[in-house]
Amino acid sequence: MVQASKTQIDRLGDRLRKGPVERSDLLLLDGYRRSFGPAYESVVQTIRDELELEPSGRPAKSTNSLVEKLKRESIRLTQVQDIAGCRVVVPDILEQNRVVGLLLSGAFPEACVVDRREKPSYGYRAVHVIVEISGKPVEIQVRTTFQHIWAEISEKYADLYGSDIKYGRGPQEIRRILEEVSALIGKYEDLEEGLGQEAESVKLRDKMNKIRKDLAEILDEEISRVDNIRGKG
Amino acid sequence: MIFLIHYNRSAGEIIKLKEFEESQRVQAEDARIKMELDLIGKKDGDEVCLLEAGSIEALKRTHRRYFESLRMLTVSGSNTIASATKP
């Protein structure tokens with residue numbers, strides 16, 4: 001198969017942005033997405049072999065997600081860094097730090113890190129490690145269990161109410177809940193990072209337990225709200 | 001395992017799920033593009049994606065939104081957070 005040039009791919013991105021998606025464009029996009037396969041497979045295999053973790057992967061971003069990203073951001077298709085990616089969910093922030101450290105110190109020393117814990121993207125928290133192999137970026141998402149719970153609920157809201165929710169728009173009540181839960185998770189995990197220093201541990205655990213209770217209460221209230229929305233559960 | 005998923009976002013439900021072995025990557029990619037081409041112009045809200053995991057159970061842990069309702073996600077999230085005690 002003849003590989004499309006960078007210019008052809010960026011023009012494809014322009015057409016996808018404008019829509020509607022044509023058959024010939026889907027075929028061209030398919031070829032472009034498949035070109036990330038070797039880099040993706042190499043990254044996943046390295047994580048399995050060197051970190052003994054089993055990531056779940058998305059060899060290529062879906063057409064909908066890609067078109068939405070192109071419409072949302074003034075970005076060229078060849079600049080999109082998460083065409084291919086994989087995900088690792090770890091129990092807590094201490095393990096997250098350890099896994100990210102291992103990725104950077106051993107497996108992928110040249111990788112670039114986007115730490116969405118320091119600067120959450122509309123409430124989204126995670127660490128993304130972006131590895132480039134033969135010019136093809138592959139995004140490794142490292143999430144804690146709590147960050148993952150938030151992300152899955154946010155994604156589901158986006159499915160049901162529109163992807164604007166993930167970018168600070170959409171129904172105010174849903175945005176408020178997501179922001180509140182994200183902020184509490186951030187506080188909880190900041191405290192979690194301090195565990196291990198004996199003198200402070202009891203106090204930290206008390207504070208963490210209070211935050212967990214608050215989080216569970218907010219989610220329980222949200223369950224009641226969801227129950228009242230017919231057909232959206 | 002590789003999983004080809006046809007998901008309807010607005011309904012929040014999987015329409016079709018097909019499994020492939022890791023060695024069948026090309027067949028899985030071929031099936032994905034065929035499915036996408038078949039859906040052109042049919043309706044909005046459809047997402048076709050290829051995902052990969054050690055097992056369907058592993059996939060259901062890392063990509064729950066495809067498999068669970070908003071209520072299920074929120075209930076399990078609340079339960080997980082409530083029971084997450086530190087040693």
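Below, chains carry the letters A, B, ... as their sequence lines are ordered, and counting in each starts from 1. What you see below is based on every heavy atom in this structure, not just the backbone, and it leaves out hydrogens, waters and symmetry mates.
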Undergrad: Taking C-beta and beyond as the side chain, do B/Thr80 and A/Arg212 meet within less than 4.5 Å on heavy atoms?
TA: no
Undergrad: So do the side chains of A/Arg23 and B/Leu37 get within less than 4.5 Å of each other, counting heavy atoms only?
TA: yes
Undergrad: Please look at B/Asp38 and chain A and tell me whether the side chain, the backbone, both or neither of the residue comes under 4.5 angstrom of a heavy atom of that chain.
TA: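 When you check distances to chain A, no heavy atom of B/Asp38 falls under 4.5 Å.
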Undergrad: Which of the residues A/Ser62, A/Ala216, A/Gly57 is involved in the greatest number of heavy-atom pairs with chain B at under 4.5 angstrom?
TA: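 The residue among A/Ser62, A/Ala216, A/Gly57 with the greatest pair count is A/Gly57.
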Undergrad: Counting N and O atoms only, with roles assigned by atom type, does the side chain of A/Lys156 sit under 3.5 Å from a partner on the main chain of B/Leu73, one being a donor and the other an acceptor?
TA: no
Undergrad: I'd like to verify something: which residue of B/Asn8, B/Ile2, B/Asp46, B/Asn79 has the highest number of heavy-atom pairs under 4.5 Å with chain A?
TA: B/Asp46
Undergrad: Take A/Ser56 and B/His63, measure what side chain to side chain contact (heavy atoms under 4.5 Å, CB included) needs, and give me the verdict at the end.
TA: CA-CA 8 Å; A/Ser56 60; B/His63 291 78; 3.3 Å; yes
Undergrad: Using a 6.0 Å cut-off, check whether atom CD of A/Glu52 has over 12 heavy atoms from anything other than its own residue.
TA: no
Undergrad: A/Asp159 and B/Tyr7: side chain to side chain contact (heavy atoms under 4.5 Å, CB included), yes or no, with the steps?
TA: CA-CA 10 Å; A/Asp159 288 340; B/Tyr7 175 73; 2.6 Å; yes
Undergrad: Do the side chains of A/Ile153 and B/Arg65 get nearer than 4.5 Å, heavy atoms only?
TA: no
Undergrad: Where is the tightest heavy-atom contact between A/Glu22 and B/Ile40, given as atom of each residue plus distance?
TA: C-CD1, 4.1 Å
Undergrad: Minimum heavy-atom separation for A/Pro59 to B/Leu50, with atom names?
TA: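 Minimum heavy-atom contact is CD-O, 3.3 Å.
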Undergrad: Which answer fits A/Glu155, side chain, backbone, both or neither, if we ask what part of it has an atom under 4.5 Å from a heavy atom of chain B?
TA: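 Answer is both: backbone and side chain atoms of A/Glu155 are under 4.5 Å from chain B.
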Undergrad: Which heavy atom of B/Ala84 sits nearest to which heavy atom of A/Tyr188, and what is that distance?
TA: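 It is O-OH, 3.6 Å.
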Undergrad: Walk me through it: do B/Met72 and A/Ile223 pass the test side chain to side chain contact (heavy atoms under 4.5 Å, CB included)?
TA: CA-CA 9 Å; B/Met72 287 162 75; A/Ile223 294 163; over 6 Å; no
Undergrad: Is any side-chain heavy atom of A/Thr63 closer than 4.5 Å to one of B/Glu36?
TA: yes
Undergrad: Quick one: CG on B/Leu70 to CD on A/Glu152, what's the gap to the nearest 0.5 Å?
TA: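 Going from the CG atom of B/Leu70 to the CD atom of A/Glu152 covers 11.5 Å.
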Undergrad: May I have the step-by-step check of side chain to side chain contact (heavy atoms under 4.5 Å, CB included) for A/Asn64 and B/Arg9, ending in yes or no?
TA: CA-CA 10 Å; A/Asn64 304 49; B/Arg9 280 184 175 180; 3.9 Å; yes
Undergrad: Can you tell which part of A/Thr145 gets under 4.5 Å to a heavy atom of chain B, answering side chain, backbone, both or neither?
TA: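 Only the side chain of A/Thr145 comes within 4.5 Å of chain B.
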Undergrad: Chain A heavy atoms under 4.5 Å from B/Val48: which part of the residue, side chain, backbone, both or neither?
TA: backbone
Undergrad: Side chain from CB out, backbone as N, CA, C, O: work out which of these in B/Ser55 comes under 4.5 Å of a heavy atom of chain A, or both, or neither.
TA: neither
Undergrad: At a 4.5 Å cut-off on heavy atoms, which part of A/Pro20 comes close to chain B: side chain, backbone, both, or neither?
TA: neither
Undergrad: Quick one: are A/Glu41 and B/Arg25 in side-chain contact, heavy atoms under 4.5 Å?
TA: yes
Undergrad: Decide salt bridge (charged side-chain N to carboxylate O under 4.0 Å, His left out) for B/Asp30 and A/Arg34; before the verdict, give the C-alpha distance in whole Å, the side-chain angles of both, and the deciding distance to 0.1 Å.
TA: CA-CA 10 Å; B/Asp30 289 347; A/Arg34 287 188 198 218; 2.8 Å; yes
Undergrad: Check whether A/Ile149 gets within reach of chain B through its side chain, its backbone, both or neither, counting any heavy atom under 4.5 Å.
TA: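 The side chain, not the backbone.
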Undergrad: State, with a plain yes or no, whether a side-chain heavy atom of A/Leu27 is found less than 4.5 Å away from one of B/Ile33.
TA: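 Touching, per the 4.5 Å side-chain cut-off.
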Undergrad: Only pairs of heavy atoms separated by less than 4.5 Å count here; which of A/Glu54, A/Arg87, A/Arg58 has the most with chain B?
TA: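 The option with the most such pairs is A/Arg87.
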Undergrad: Side chain, backbone, both or neither: which part of B/Ala82 has a non-hydrogen atom closer than 4.5 Å to chain A?
TA: both
Undergrad: Examine whether an atom of B/Leu51 lies under 4.5 Å from a heavy atom of chain A, and if so say whether it belongs to the side chain, the backbone or both; otherwise answer neither.
TA: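 For B/Leu51, backbone and side chain are both near chain A.
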